[in-house]
Number of protein chains: 2
Amino acid sequence: MAPEESCIIRHFEHYRRLSPKEKEILASLEKAPTAVSAGTTLWQEGKAASEFCTLSAGWAYSYRNLDCGSRQIMEIFLPGDIIGLREFAFNEHLEGVTMIEDGTVCYFPHRRLLELFRDSLTLTTVTFAISNRQQALLCERLVTLARHSARQRLAHFLHEMYIRLRQTMPEGGPSFRLPLSQQQLGDLLGLTPVHVSRTLSAMSEDGLIYRNHHTINVPDIKALAEEASFNDLYLNTNLRPLFEDAPPES
Amino acid sequence: MAPEESCIIRHFEHYRRLSPKEKEILASLEKAPTAVSAGTTLWQEGKAASEFCTLSAGWAYSYRNLDCGSRQIMEIFLPGDIIGLREFAFNEHLEGVTMIEDGTVCYFPHRRLLELFRDSLTLTTVTFAISNRQQALLCERLVTLARHSARQRLAHFLHEMYIRLRQTMPEGGPSFRLPLSQQQLGDLLGLTPVHVSRTLSAMSEDGLIYRNHHTINVPDIKALAEEASFNDLYLNTNLRPLFEDAPPES
DNA sequence: CGAACTGTTGACACCTATCAATTGCGGTGG
DNA sequence: CCACCGCAATTGATAGGTGTCAACAGTTCG
């Protein structure tokens, strides 16, 4: 595939325009696409970590298995995301990663990221920015877990996914496909699947969302944001103008 | 003060040995120390962001004010930490920052970090690693908020602080000073101050901790870790050996 | 058509929030 | 040095949200 079509390049260009050389560096990360089917575990927590991968197609999630027997889903990955970025500094994977749907991933060794840091200041800052944004997503979820009701948590997550999906697919209408089971939603939001079911039903009855299998229809996105007391500051991915007059490359 | 004594250099050297030139770059971040008293707010959420600062002395925390009137403390900063690193990519501060005790901070503009990225691959990777570690702390707290009881949350936080403090002050015995009010603990762990009080009292009665004003004594750190089902993987700050054969500086 | 999984619904228990009153502590001024 | 004030911490009673257990319905896929 031509570099221009790569998800990861689109993702990076969301933050900053890239030169052909920079695009080439990014494209080189996706030299070895691997097809993976739904339910495949890319790696397990605790295993030695030596690689990242980019997600070219399909959804994935990372998770932690807890001593108490339950499981916490940490992050939902969409096409264009780099999986494992957070674990760069660690020798073992802190989280396992599993595919939600069939998809395609491209593994690349940690060393490649160092080369990227060495070769391009722009890619370095954008990578750092992507990491920052990921962290902001975590912070928002942390807030909802600490302080919000089950209904607010679900409203918040649905709104977040709506926004994230619209950033890559600007025209998608009021509905989107959410290929997560209620068990997975519960594992993500710290709820039991039973309570997820009850809460989603209540939200449907109140006309906040409509559900059809795995398709969610949001008739009034502002009402959903209101319900979640959503803070859209953190999804703003525009880099500060500062970067325009960044110090010159060496 | 001589560069060797700076908290932030000690912090960075925890990850990787630094050359004199690299130490100098770091020391240059701390050119303008400012004394700040307990309760001072360094900046508020939503305000335009143009600076980071290093924390040279004293404790601080970052927080979010929520629509529902309560407040979520996101992060506790100790001497040697860089405050605001997470907000690098954003134009506005996502979080406010307030001093817990009297202390000293050194502001420096965002641009300085770009210069650091440009001038030293080692400092770039260590900065990225520090950001990763911060993220790992967040993940752990997210897990405890999602799935653990009040007692487990408190045990976990106390254990985490114990470990973090020992990393800078290796010999400190079984007790440490924790200058946080129960209101602040509640805001950090998603609990009401009333319930924090009850839970700490119960932990004291069970001999898990002893309290004296703001000093916490942990007679059996392993018991505390057990109680919290603590995962010490994420506090492991040793960079992977990979960094030893990092590509040469340009 | 049946098995296995996912989602729904009901009854009940438990943890934590809420509201309120009281105690203890630190700082201030007489 | 002591009385006083304000804040932090404690303790009690009650309410509410979510977990747990269990049964049942619906969907998917062989």
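Only heavy atoms go into these numbers, but all of them, side chains included; no hydrogens, no water, no symmetry mates.
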(request) Begin from the C-alpha positions of B/F52 and B/F108 and carry the test ring pair (Phe, Tyr, Trp, His ring centres under 6.0 Å) through to its verdict. (result) CA-CA 6 Å; B/F52 304 105; B/F108 64 93; 5.4 Å; yes
(message) Testing B/R151, B/H159, B/K222 one by one against B/E227 for a side-chain hydrogen bond (donor to acceptor under 3.5 Å, both in side chains), which residue passes?
(response) B/R151
(message) Let's see if you get this right: which residues in residues 195-212 of chain A place a heavy atom under 4.0 Å from DNA chain C?
(response) A/S197, A/R198, A/S201, A/R211
(request) For A/L154 and D/dG17, give me the distance from atom CG to atom P, rounded to whole Å. (result) 16 Å
(message) Keeping A/E95 on the side-chain end and A/R64 on the backbone end, is there a donor-acceptor pair under 3.5 Å?
(response) no
(request) Is it possible for you to check whether A/R166 lies under 6.0 Å from the centre of the six-membered ring of A/Y162, through NZ or CZ, and within 45° of that ring's axis? (result) yes
(request) May I ask you to decide if A/S229's main-chain N or O and A/Q152's side chain share a donor-acceptor pair within less than 3.5 Å? (result) no
(request) Taking heavy atoms of chain A and a 4.0 Å limit, find me the 5'-most and 3'-most nucleotide of DNA chain C within that range. (result) C/dG7 to C/dA11
(request) Looking at every strand, decide which applies to B/H148 at a 4.0 Å heavy-atom threshold: base, sugar-phosphate, or nothing. (result) nothing
(message) Set out, in order, the CA-CA distance, both residues' side-chain angles and the distance that settles side chain to side chain donor-acceptor pair (under 3.5 Å) for A/E45 and A/H93, then state yes or no.
(response) CA-CA 5 Å; A/E45 54 180 317; A/H93 286 297; over 6 Å; no
(message) Under a plain distance cut-off of 3.5 Å, with no hydrogens placed, do A/S37 and A/T40 share a side-chain donor-acceptor pair?
(response) yes
(request) Decide whether A/T215 and A/S175 meet the rule of one side-chain donor and one side-chain acceptor closer than 3.5 Å. (result) no
(request) Output yes when a side-chain donor or acceptor of A/Q72 lies under 3.5 Å from a complementary backbone atom of A/L66, and no otherwise. (result) no
(request) Round to a whole Å and report the spacing from NE2 of B/H213 to C1' of D/dC7. (result) 14 Å
(request) Please state how far atom CZ in A/R151 lies from atom P in D/dG16, giving the value in whole angstrom units. (result) 18 Å
(request) Whole angstrom is fine here: how far is it from CG in B/L191 over to P in D/dT18? (result) 15 Å
(message) Heavy-atom nearest nucleotide on DNA chain C for A/V194 versus A/R147: which residue maps closer to 5'?
(response) A/V194
(message) Atom CD of residue position B/E226 - does it have more than 12 heavy atoms of other residues, nucleotides or ligands inside 6.0 Å?
(response) no
(message) When you compare the side chains of B/R211 and B/S204, does any donor N or O come within less than 3.5 Å of an acceptor on the partner?
(response) yes
(request) Mind listing the residues from residues 175-186 of chain A sitting with a heavy atom below 4.0 Å of DNA chain C? Number order is fine. (result) A/S181, A/Q182, A/Q183
